[in-house]
Amino acid sequence: MAKLTIDGRDIEVEDGITVLQACELAGIEIPRFCYHERLSVAGNCRMCLVEMDRSPKPIASCAMPVAEGMVIHTDTPGVKKARQGVMEFLLINHPLDCPICDQGGECDLQDQAMAYGFDSSRFEENKRAVKEKYMGPLIKTIMTRCIHCTRCIRLATEVAGVEELGALGRGEHLEISTLERAIDSELSGNLVDVCPVGALTSKPYAFAARPWELRKTPSVDVMDAVGSNVRVDSRGREVMRVLPRLHEDINEEWISDKTRHACDGLRRQRLDRPYVRRDGRLQEASWDEAFKAIADRLSGLSGERIAAVAGDLCDAESMLALKDLMAALGSPNLDCRQDGARLEDGRRAGYLFNTTIAGIERADAALLIGTNPRWEAAMVNARLRKRFLMGGFRVGVIGPQVDLTYRTEYLGAGPDTLKELAEGHGTGAELLKQAKKPMLVLGMGALARPDGAVVLGLARKAAEAFGLVQDGVQDGVQDGWNGFNVLHTAAARVGGLDLGFLPQAGGRDLSGILEGAGTGEIEAVFLLGADEIDMAALGPAFVVYQGHHGDAGAHRADVILPGAAYTEKNGTYVNTEGRVQLGRLAGFPPGDAREDWTILRALSEAFGKPLPYNNLGELRQRLVQANEVFGAVDQIEPAPWGDFGAEGALDPAPFTSPVDNFYMTDPISRASETMAACTEAFVSGRVEATGTHG
């Protein structure tokens, strides 16, 4: 610990931090443009100048490490004059276009010019103009505004892992450029967040709204299973943009481009009223007519001839309401695994990311099995890259060979390699044996196969054989290191498994439901936002679709019940690590659409079997009764370790990633014009990279 004096106050801080950080710990604000807590130090802007005893000139506090006995002054006339001079230099070439700049109201340059700047300028020369740069469909550039802080370059290189941004020229002629290429990264939208001026702004959001016009609602993302914390900015009913919200244990302060920019899909192809199929065509209907059509068709059907499938974006409340409704109808045929993943309920450790996302930073080796985390969970991949950059972290891959933005060791393509590993030998054995805290990540590409349960069992055996699950068990609960991880792709999956939205005693799973629908043994199927299944396999079955977009399920439906999207309801979601989080209502659904659980509650009345809750509070009490994990919001509950998986024959086919287009994975992103533009720019005609990346 170093002791130093800042503005006459003695403080003690950790060794190795900078003077700027020490000042922040002392409660003293230091202006800065180039410095960012999560990026390397550049020392470009000089806005953070402070005076230090025995130093002949002001020092850049962001680049100066603390030392014992330092005496720092942050509020002297010399410091004020230095900061005013720096601000004057920064504004020499900055255009006076604040009234038309999308950064207006959220601009660091505006704020700091007001607080630390001078009221006039001595420069009368013509301002420099810089040609705009092409950076893809998501980023709008006005490079004349650029102050050369290089935050964007450092973020692209260090966090996103794509070295596609750089500086050309020197001095007054320096320009930030991509050499006229689109930034091919799932995290490129974060460049706009770190830009302290209006040089990089959001192209889809350009000239759409001002920040003071927007209502800001904290919520969680459902575009993948990471559960990134977000802020939904809305004007009236319309979602204008989605921004990251700080959560150190999940997404830090970043979000993926799909999370950020797919929100325009919430305005398109929406279901805003009930429909009933009459004479082969879907026709508008009232709620009463829709409920009557369902009740009439299901009247007299035994529960064994009714089934329900929950989709990937469902909240826990709606899945519980549907499960209770199916129980009231006597149906055991339930499934929340649209992709057919062979996961079991009961053993929670068998379907969670047990290491936790933040826990990746404690690991010293990783084995990726049947997953491409860069597309399936961009924020998990960013955390893996962060750990890789710390050093001493080896990553082995069994499955698809892709560029993950960090160096990997390719071990094999399919289950045969995993079987060798579970038996204690093979190319991956040495990687895990040498590690003190090894982890494996099992993706849906390995589990959503007919032999997925066998693959799950092999992964468990490998975890036990190589010490991935280490000592620290109390009352049957693992509280030590657990390196066994399942990486989900669906926001609703863990919540559905926690609720037991799976085949009940004697019930059918998804494949059995589809087979039964095709043969006529299943006569009615309820799809709760389920759009990723094979609709043609439903055959002549009577299909009720409840959802918010006119996607595949709505096209096949005989009755459509319009529901609410994730920004239009208060919902509970459980992310891939088992963390329960709450999504908040940011705007109301369009037309006659309603929150999903309220629709199911009203439908139960039409069956004469009313569900035992009348408001959200009562339903959430029922959630906790169904599984106590729902009572611990934003907490990680360690899961008991035990036997899971199965024995049996393996399919030798190689593992593949379930995501072939990062930008379109669900009804919202498929309806998004922005995601369509990204698909055209980055996916169409893409040749997947092979080999390793250093």
Compare all side-chain heavy atoms of [X] with those of [Y] and state whether any distance is below 4.5 angstrom.
{"X": "Leu611", "Y": "Trp597", "result": "no"}
{"X": "Arg235", "Y": "Leu214", "result": "yes"}
{"X": "Ile250", "Y": "Met379", "result": "no"}

Just checking, any donor-acceptor pair under 3.5 angstrom between side chains of [X] and [Y]?
{"X": "Asp596", "Y": "Ser318", "value": "no"}
{"X": "Glu595", "Y": "Asn570", "value": "no"}
{"X": "His549", "Y": "Asp531", "value": "no"}
{"X": "Tyr351", "Y": "Asp498", "value": "yes"}

Exercise. Do the side chain of Arg245 and the main chain of Val220 share a donor and acceptor less than 3.5 angstrom apart?
Worked result: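 Not a single qualifying donor-acceptor pair exists.
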Exercise. Is Asp558 paired with Arg297 through a side-chain N to carboxylate O contact shorter than 4.0 Å?
Worked result: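 So Arg297 does not pair with Asp558 through a salt bridge.
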For this session: Would you mind checking if Arg241 and Asp233 are paired as a salt bridge, meaning a charged N to carboxylate O distance below 4.0 Å?
Result: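 A salt bridge links Asp233 with Arg241.
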Problem set entry | Atom pair OG/CZ of Ser185 and Phe662 - distance to nearest 0.5 Å |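 Rounded to the nearest 0.5 Å, the OG-CZ separation comes to 8.5 Å.
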Problem set entry | Heavy-atom closest pair, residues Ser672 and Met664 |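 Shortest heavy-atom separation between Ser672 and Met664 comes out as O-CE, 4.4 Å.
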